[in-house]
Amino acid sequence: MSKSLSSQIITCTAAVIWGSGEPLKVEEIQIEPPKSTEVRVRMLYASLCHTDVLRARRKGDPVAVFPRVLGHEGVGMVESFGDEVTGLEEGDYVIPTMLAECEACENCTSANTNLCLTYPLSRSGLMSDGTSRMSIKGQKLYHMFTCSTWSEYMVIDYNYVHKIDPSIPLPHASVLSCGFSTGFGAAWKEAQVKMGSTVAVLGLGAVGLGVTEGARMLGAAKIIGVDKNSMKKDKGLAFGMTDFINPDECSDKSISQMIKDLTGGMGVDYCFECVGAESLINQAIQATKEGKGKTIVIGGGISSVKIDYFPLLSGRTLKGSIFGGLKVKSDLPILMEKCKNKEFDLDELLTHEVTLQDIEKAFELLKQPDCVKVLIKI
């Protein structure tokens with residue numbers, strides 16, 4: 001039973017997708033009250049992440065469940081919650097997280113991973129009990145990971161919710177719920193970038209710019225940004241990039257060779273693949289130093305890739321990353337505090353804004369060369 005008086009089914013508007021590659025339709029849906037460990041959130045802002053784009057536009061989704069309400073970046077206000085929920089009150093501002101942290105399992109007590117075993121990453125599109133709190137015309141709706149932020153309301157398990165300081169700008173909180181935090185965490189927690197080191201970032205979207213900022217704060221001496229869009233150069237410089245490569249402007253050389261040319265032929269200490277392009281994985285590995293280079297793979301959308309064996313045999317490391325290795329309770333509050341203290345300028349990311357009613361326009365805006373992040377005002 002809900003602790004709140006708000007225990008009724010809510011009819012609201014959401015962006016529904018009925019199949020891979022189909023357009024989103026803004027329709028009325030029904031949101032049930034939260035169960036005992038759940039929270040119903042009134043969404044205020046959401047944002048468009050590359051992973052959502054892949055789920056919406058690309059065939060071959062590994063979890064092709066429809067109809068579905070996508071969106072996993074966002075910020076909202078607690079409307080009601082179940083009787084086992086602790087630490088939250090009505091009116092609290094919260095962001096959804098794709099991961100949880102129980103603080104007790106083997107993984108949560110390890111410094112080597114952020115993937116909780118008690119509350120694992122959800123790929124089913126359903127709540128933990130295998131059901132959904134969303135429906136449309138009596139038909140069950142699936143969500144994205146643990147939530148559906150492209151809706152006026154959503155229900156989420158409270159283990160996947162993070163309460164934020166109300167003084168943090170809500171648009172900033174939205175992008176910190178995944179993209180920028182994922183990149184920042186990859187530099188901080190996964191690679192553990194050292195002072196005076198060299199870094200290459202392949203792809204200067206929100207994730208890549210998060211890597212850039214993280215590397216800057218950790219004292220990297222050289223941060224090389226790589227992107228085919230030259231308009232991303234100024235964005236990279238704003239977050240601490242020292243050198244920029246547009247691979248299309250030097251087609252006779254590989255990306256790895258161009259990175260080596262900027263590092264005295266040695267390569268970088270750390271390379272981050274933030275695009276999710278099969279062709280870039282080996283380039284990223286080869287761009288790192290023999291014997292000790294680390295490559296962190298962050299970009300989604302690759303089902304399989306053929307890896308060149310010898311560069312790895314030569315002492316390099318290849319590591320995957322989800323949410324940048326950040327632990328929700330241990331690490332995310334540190335990023336929130338940095339945001340509150342204006343230690344990084346997230347306004348540089350928020351280049352465009354649309355309403356939920358015009359969400360289809362967001363996909364077109366992403367194709368614009370000056371677009372980094374599209375904010376969705378709910």
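As a basis for the values below, the full set of heavy atoms in this structure was taken, side chains included, without hydrogen atoms, waters or symmetry mates.
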Colleague: Please give me the minimum heavy-atom distance between Thr118 and Cys102, naming the atom from each residue.
Modeller: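 Closest approach of Thr118 to Cys102, heavy atoms only: OG1-SG, 3.2 Å.
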Colleague: Mind checking whether Ser36 and Asp83 have side chains closer than 4.5 Å, heavy atoms only?
Modeller: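 Contact flag for Ser36/Asp83 side chains = yes.
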Colleague: Treating Ile, Leu, Val, Met, Phe, Trp and Tyr as nodes and any side-chain heavy-atom pair under 4.5 angstrom as an edge, say whether Val226 and Leu204 lie in one connected cluster.
Modeller: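 Each belongs to a different hydrophobic cluster.
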Colleague: Would you check if Trp150 and Leu24 make a side-chain contact, meaning some heavy-atom pair closer than 4.5 Å?
Modeller: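 Answer yes - side chains close enough.
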Colleague: Rounded to the nearest 0.5 Å, what's the gap from OG on Ser148 to CG on Leu141? Could you check?
Modeller: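 Between Ser148 OG and Leu141 CG, I get 7.5 Å after rounding to 0.5 Å.
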Colleague: Which pair of heavy atoms, one from Ile29 and one from Ala14, lies closest together, and at what distance?
Modeller: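 Answer, listing the atom of Ile29 first, then Ala14: CD1-CB, 3.5 Å.
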Colleague: Do Met154 and His143 touch side chain to side chain, with heavy atoms closer than 4.5 Å?
Modeller: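 Result no, sub-4.5 Å side-chain heavy-atom pair not found.
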Colleague: Hey, mind stepping through Lys253 and Asp261 against salt bridge (charged side-chain N to carboxylate O under 4.0 Å, His left out) and telling me if it holds?
Modeller: CA-CA 10 Å; Lys253 288 186 179 181; Asp261 288 346; 2.7 Å; yes
Colleague: Please tell me if the side chains of Lys294 and Thr288 come closer than 4.5 Å, counting only heavy atoms from C-beta onward.
Modeller: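 They are not in side-chain contact.
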Colleague: Are Ile334 and Leu346 grouped together when hydrophobic residues (ILVMFWY) are joined by side-chain heavy atoms under 4.5 angstrom apart?
Modeller: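 They do share one cluster, since a chain of ILVMFWY contacts under 4.5 Å joins Ile334 to Leu346.
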Colleague: Check whether any side-chain N or O of Thr149 sits under 3.5 Å from a backbone N or O of Met43 as a donor-acceptor pair, and report yes or no.
Modeller: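 A pair under 3.5 Å: no.
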Colleague: Do the non-hydrogen side-chain atoms of Ser314 and Arg316 ever get within less than 4.5 Å of each other?
Modeller: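 The answer is yes, as the side chains (C-beta and beyond) meet within the 4.5 Å cut-off.
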Colleague: Between Asp269 and Lys289, is there a salt bridge with N-O shorter than 4.0 Å?
Modeller: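 Here Lys289 pairs with Asp269 in a salt bridge, since their nearest N and O are under 4.0 Å apart.
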Colleague: Check Thr242 against Ala221 and note the closest heavy-atom contact, atom names and distance.
Modeller: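 For Thr242 and Ala221, the tightest heavy-atom pair comes out as CG2-O, 4.0 Å.
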Colleague: Which pair of heavy atoms, one from Cys178 and one from His72, lies closest together, and at what distance?
Modeller: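 For Cys178 and His72, the tightest heavy-atom pair comes out as SG-NE2, 3.4 Å.
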Colleague: Assess the pair Phe180 and Phe344: is the distance between their ring centroids shorter than 6.0 Å?
Modeller: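 That pair passes the under 6.0 Å test.
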Colleague: Going hydrophobic residue to hydrophobic residue with side-chain gaps under 4.5 angstrom, can you get from Val201 over to Ile245?
Modeller: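 In one cluster: no.
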Colleague: So, do Val161 and Pro96 sit near enough that their side-chain heavy atoms are less than 4.5 Å apart?
Modeller: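 Counting from C-beta outward, Val161 and Pro96 never come under 4.5 Å.
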Colleague: Under 3.5 Å, side chain of Thr37 to main-chain N/O of Asp157, donor-acceptor pair present?
Modeller: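 Not at all, since once roles are kept as given, no pair shorter than 3.5 Å links the two residues.
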Colleague: Could you measure the distance from the OH atom of Tyr160 to the CG atom of Leu121? Nearest 0.5 Å is fine.
Modeller: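 Answer rounded to 0.5 Å: 7.5 Å.
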Colleague: I'd like to know if the side chain of Asn341 reaches the main chain of Glu337, judged simply by a donor and an acceptor atom lying under 3.5 Å from each other, with no hydrogens or angles considered.
Modeller: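 The answer is yes, because a donor-acceptor pair under 3.5 Å joins these two groups.
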Colleague: In the structure I gave you, are the side-chain heavy atoms of Lys189 and Asn114 within less than 4.5 Å of one another anywhere?
Modeller: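 No, their side chains stay 4.5 Å or more apart.
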Colleague: Distance-only, no hydrogens or angles: does the Glu22 side chain make a donor-acceptor pair with backbone N or O of Ile17 under 3.5 Å?
Modeller: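 No, Glu22 side chain to Ile17 backbone: no donor-acceptor pair under 3.5 Å.
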Colleague: Is there side-chain contact between Cys49 and Lys373, with at least one heavy-atom pair below 4.5 Å?
Modeller: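 Touching, per the 4.5 Å side-chain cut-off.
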Colleague: Same cluster or not: Met241 versus Leu280, using hydrophobic residues (I, L, V, M, F, W, Y) connected whenever any side-chain heavy atoms lie under 4.5 Å apart?
Modeller: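 Not linked; separate clusters.
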Colleague: Mind listing the closest non-hydrogen atom pair of Pro171 and Leu350 along with its distance?
Modeller: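 What the structure gives for the nearest pair is CB-CD1, 3.6 Å.
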Colleague: Under the side-chain contact (heavy atoms from CB on, under 4.5 Å) criterion, do Val155 and Glu32 qualify, and how do the steps go?
Modeller: CA-CA 8 Å; Val155 174; Glu32 296 176 9; 5.9 Å; no
Colleague: Do the charged groups of Glu213 and Lys338 touch, with an N to O distance under 4.0 Å?
Modeller: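 Here Glu213 does not pair with Lys338 in a salt bridge, since their nearest N and O are not under 4.0 Å apart.
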Colleague: With a 4.0 Å cut-off on N to O distance, would you call Lys361 and Glu364 a salt bridge?
Modeller: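 Looking at Lys361 and Glu364, the cut-off is not met.
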Colleague: Give the cluster check for Trp188 versus Tyr270: same hydrophobic cluster or not, with ILVMFWY residues linked at side-chain heavy-atom distances below 4.5 Å.
Modeller: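 Yes, same cluster.
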Colleague: Just by distance, do the side chain of Lys306 and the backbone of Asn282 share a donor-acceptor pair under 3.5 Å?
Modeller: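 Here the side-chain-to-backbone pair does not exist.
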Colleague: Kindly determine whether Ser256 and Gln283 satisfy side chain to side chain donor-acceptor pair (under 3.5 Å), including the steps that lead there.
Modeller: CA-CA 5 Å; Ser256 58; Gln283 286 297 307; 3.0 Å; yes
Colleague: My understanding is that only one of Arg40, Glu89, Lys35 makes a side chain to side chain contact (heavy atoms under 4.5 Å, CB included) with Phe81; could you say which?
Modeller: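 Considering Arg40, Glu89, Lys35, a side chain to side chain contact (heavy atoms under 4.5 Å, CB included) with Phe81 is found only for Glu89.
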